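It should be emphasised that the depicted structure is a prediction, and the values quoted were computed from it without experimental measurement.
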Amino acid sequence: MGGESKMKKVKASETLVQTLKNWGIDHVYGLPGDSIDTVVDALRKEQEAIEFIHVRHEEVATLAAAAYTKLTGKIGVALSIGGPGAIHLLNGMYDAKMDHVPMLVLAGQVTTDVLNTGFFQEVNLPAIFEDVAVYNKQIDNAETLADVVDEAIRTAYKEKGVAVLTIPNDIPSQVIKASLEAKPVKFEQENPKLDEAAIQEAVTLIEKAEKPVILAGLGTKHAGPELIAFSEKLKIPIIHSLPAKTIVPDDHPNALGNLGKIGTKPAYEAMQETDLLLMFGNDYPYSDYLPKKTDCIQIDIDPAKISKRFPAIVGLVGDAAEIISDLTAKIAPVEERKFLQACQENMQEWWKWLEEDIAQTSDPIAPEVVMANIQKIADKDAVFSIDVGTATVWSTRYLHLTPENDFIVSAWLGTMGCGLPGAIAAKKAFPDRQAIAIVGDGGFSMVMQDFVTAVGLNMPMIVVVLNNQQLSFIKYEQQSAGELNYAIDLPDINYAKFAESCGGIGFRVEKMADLEAAFENAKLATKPVIIDVSVDSAAAPLPGKIVMDEALGYTKFEIQSVLEDHRFAKMPPLKTILRRFL
């Protein structure tokens, strides 16, 4: 009887918004429009509880929502009209899907009286979203709208993916009997019980190994202290996947950096020498960088990931922090491990090479030097949002970060244009922390219109544009494949003047002598800033370790340049190439 007394006549849209509030959702990224306006109107009435972040392009809405979840673990929400708006959402939705983060998408649709008639802007959205979503439903009943929203959010959390609701615009405006009582909800991850026999088998393998190596992924994000304790007690080097940067301090003596094309040479060499691969919380896809053959222990919360990329002798399904702590407790300390000492010596040499790179003083400006200037003005807990391209290479390699920092990137989809939306999400998640986006001119120009969103929302941030007037990473991809460069050049844009036209602050840096002052002034700014740095277009994002296929590709490219262009292409210094190859 008490429950009945709380029932009253309300619009279905009000129950939708109350469900969002129950889940602790306090903001939505999106654009309003006719086929979603009944939902937007309900959000307007609750704007004190749920902020509507009005972006200039729907792609930015989903990229920002995905970034927000990567930073906080809380579900990000994006909203748009049906038809073209919903289609624009797809890029960020796939970023969430492939990086395994929960997202809720509310997509408008034409009203039910004209649905399936080929009406203006009518698109079969459930069919379009079928591949990207873990939950994909079109609303057909106002009475159950709130329940479906609740189920969608719960499923997104459980499946770590995208939940999509396609909502015909007349349904939320229908009046129903419902309660708007606040009922806070929180998703709790259920971890499987540890397999003690498998744990003991893993202990035996670790005790026998002479050259074990840890490959840590995002599945250890919450397990940094446990990972470090395990490494220090057993004297085991740690290699991390790209998105796992900051789980372990870059300067930790057992850290070898990340693995892969933009990884470190010591990480590659340790991986080739190991006699026991410890895959902790990762789904590392580049098998060429993994050992050719060795024993493997894998930890993952998802049993489907065990042995997916590399055959594991022992698979441990469960929470990484719990399992790593259990292993650490069961194994006696190792006093000395010569393999770790060799890896550390290797890493010291690597750091010396990088110090040489950032010590350059001549023009044109080396991007490595830009990273050193970013490091100087970065707060100890700065959030870094990194775009895809050479910006990823320079930031990953030259920024020395710690677990106090956050470092986000479009890791699996690898979509250009993610840097600025990530900085917007960072300021929403952590308004008191410094947000720095590091972007190339190619990626930034895809989403630059939303710099004005940051200005309008008074979100101080620093956007560093590495402006080389080309798609630089693609340039070197073509070269490493033995292909001549084509269609990589970009017309120059003065991004500093663009920043000013948006109401922000802009600095254009073309000479090394002006670099430091620009960064110092940007740090003091109380508005969004763009530092537009003209960087050396010949700066090569060489792999940490050049493998034979890449070396052959570069050789083929040089021969093609001579035969077709009758000139030698400008290449990195021979010393740098030999260091990375030999």
Side-chain angles (χ1 to χ4, degrees), residues 57 59 90-91 94-95 98 242 260-263 285-286 288-289 363-368 370 386-397 409-420 438-449 464-495 498 510 532-574 576-577 580-581:
H57 193 285
E59 175 187 22
L90 279 168
N91 196 35
Y94 271 100
D95 184 53
M98 297 181 72
L242 168 63
K261 189 179 287 289
I262 64 174
Y286 301 107
D288 288 347
Y289 290 91
D363 294 318
I365 301 169
E368 299 96 322
V370 178
I386 311 300
D387 220 317
V388 169
T390 53
T392 319
V393 181
W394 308 127
S395 57
T396 303
R397 191 169 286 168
V409 66
S410 176
W412 278 81
L413 182 61
T415 180
M416 294 170 67
C418 64
L420 175 62
I438 303 176
V439 303
D441 49 339
F444 184 63
S445 60
M446 292 180 175
V447 296
M448 60 190 283
Q449 77 285 333
V464 183
V465 181
L466 304 176
N467 189 346
N468 51 25
Q469 300 178 44
Q470 63 184 13
L471 299 172
S472 186
F473 198 84
I474 295 171
K475 169 184 173 180
Y476 286 97
E477 283 179 335
Q478 290 176 348
Q479 292 182 9
S480 66
E483 301 160 352
L484 292 183
N485 292 135
Y486 181 68
I488 59 163
D489 296 318
L490 301 172
D492 189 23
I493 296 174
N494 189 320
Y495 295 100
F498 167 74
E510 297 176 336
D532 179 10
V533 188
S534 295
V535 295
D536 186 1
S537 62
L542 293 177
K545 167 66 178 179
I546 299 175
V547 296
M548 184 58 70
D549 285 348
E550 291 165 336
L552 293 174
Y554 283 123
T555 303
K556 181 181 176 183
F557 164 74
E558 280 289 4
I559 294 171
Q560 290 278 86
S561 293
V562 172
L563 292 177
E564 295 194 26
D565 295 341
H566 308 293
R567 64 176 176 83
F568 284 102
K570 186 175 180 180
M571 296 294 284
L574 181 61
T576 302
I577 295 175
R580 304 290 175 85
F581 181 63

To the closest 0.5 Å, what do you measure between CD (Q449) and CG (L420)? 8.0 Å
Can you confirm whether the side chains of T415 and N91 place a donor and an acceptor under 3.5 Å from each other? yes
Side chains of N468 and D536: do they bring a donor and an acceptor to under 3.5 Å? no
W394 side chain reached by I438 side chain, heavy atoms, under 4.5 Å: no
Evaluate the criterion side-chain contact (heavy atoms from CB on, under 4.5 Å) for residue pair H57 and V447; output intermediate values, then yes/no. CA-CA 8 Å; H57 193 285; V447 296; over 6 Å; no
Are D95 and S410 linked by a side-chain donor-acceptor pair shorter than 3.5 Å? yes
Atom of F473, atom of V393 and distance for their closest heavy-atom approach: CE1-CG2, 3.7 Å
Going by heavy atoms in the side chains, are Q478 and I488 under 4.5 Å from each other? yes
Report yes if some heavy atom in the side chain of V465 is under 4.5 Å from a heavy atom in the side chain of M448; otherwise report no. no
Are side-chain heavy atoms of L490 and D492 found at a separation under 4.5 Å? no
Could you give me the CA-CA distance, side-chain angles and deciding distance for T396 and I386, then say whether side-chain contact (heavy atoms from CB on, under 4.5 Å) is met? CA-CA 9 Å; T396 303; I386 311 300; 5.6 Å; no
Has the side chain of D387 got a donor or acceptor atom that lies under 3.5 Å from a matching backbone atom of G417? yes
Could you check if a side-chain atom of V439 sits within less than 4.5 angstrom of a side-chain atom of V464, using non-hydrogen atoms only? no
Side-chain contact test, heavy atoms from C-beta onward, threshold under 4.5 Å: evaluate it for K261 versus Y289 and give yes or no. yes
Can you name the nearest heavy-atom pair linking S472 to A539, along with the distance? OG-O, 4.2 Å
Kindly indicate whether the side chain of N467, heavy atoms from C-beta on, has any atom under 4.5 Å from the side chain of V533. no
For G440 against A391, the heavy-atom pair lying closest together: N-CB, 4.0 Å
Answer yes if the side chains of D489 and Q469 hold a donor-acceptor pair under 3.5 Å, and no otherwise. no
Residue pair D441 / L466, side-chain heavy-atom distance below 4.5 Å: no
Without swapping roles, check the side chain of S480 against the backbone of E477 for a donor-acceptor pair under 3.5 Å. yes
Does S537 offer a backbone N or O that forms a donor-acceptor pair with the side chain of K475 under 3.5 Å? yes
Measure across A538 and Y476 and return the closest heavy-atom pair with its distance rounded to 0.1 Å. O-OH, 3.1 Å
